[in-house]
Amino acid sequence: MADIDLPETLIQLERTAWAEQQAGALTVESAAAVQQAITEHAKAAKVSRYEVDRELKRRVRHPEPDPGA
């Protein structure tokens with residue numbers, strides 16, 4: 001799979017929604033905002049919305065360890 005460029009704004013939206021979900025407080029507004037941003041980014045980047053969603057969740061929910069740490 002090719003690397004998918006994700007803007008920091010999209011990553012931050014997903015981080016917020018994921019934190020809300022973990023706290024049992026995910027709102028419809030937060031979830032909808034992430035999905036809309038995913039769809040818009042996929043369309044603009046001409047990549048699969050599914051691939052953007054999958055890569056975004058991977059980066060936010062399963063980040064790679066910092067090699068400098």
Would you check if the side chain of H41 reaches a backbone N or O of V47 as a donor-acceptor pair within less than 3.5 Å?
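Checking the backbone N and O of V47 against the side chain of H41, no donor-acceptor pair under 3.5 Å is found.
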
Qualifying residues under side-chain contact (heavy atoms from CB on, under 4.5 Å), relative to L13, sequence neighbours excluded:
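By the side-chain contact (heavy atoms from CB on, under 4.5 Å) rule, L13 matches A33, V34, A37.
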
With the threshold set at 4.0 Å, does a side-chain nitrogen-carboxylate oxygen contact exist between R58 and E51?
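E51 and R58: not salt-bridged.
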
From E55 atom CD to L10 atom CG, the distance as rounded to the nearest 0.5 Å:
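CG of L10 is found 10.5 Å from CD of E55.
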
When rounded to the nearest 0.5 angstrom, what is the spacing between CZ in R59 and CG in L6?
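One gets 4.0 Å once the value is rounded to the nearest 0.5 Å.
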
Considering only residues two or more places apart or on different chains, which pairs with a residue in residues 7-17 satisfy salt bridge (Lys or Arg N to Asp or Glu O under 4.0 Å)?
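Listed once each, the pairs are E8-R15, E14-R61.
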
Quick one: salt bridge (Lys or Arg N to Asp or Glu O under 4.0 Å) pairs with a partner in residues 34-49, sequence neighbours left out?
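Found none.
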
Using the rule that two of Ile, Leu, Val, Met, Phe, Trp, Tyr join whenever any of their side-chain heavy atoms come within less than 4.5 Å, decide whether W18 and L26 are in one cluster.
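No, no single cluster joins them.
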
Mind checking what makes side-chain hydrogen bond (donor to acceptor under 3.5 Å, both in side chains) contact with T27, not counting sequence neighbours?
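For T27, the residues satisfying side-chain hydrogen bond (donor to acceptor under 3.5 Å, both in side chains) (neighbours in sequence not counted) are S30.
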
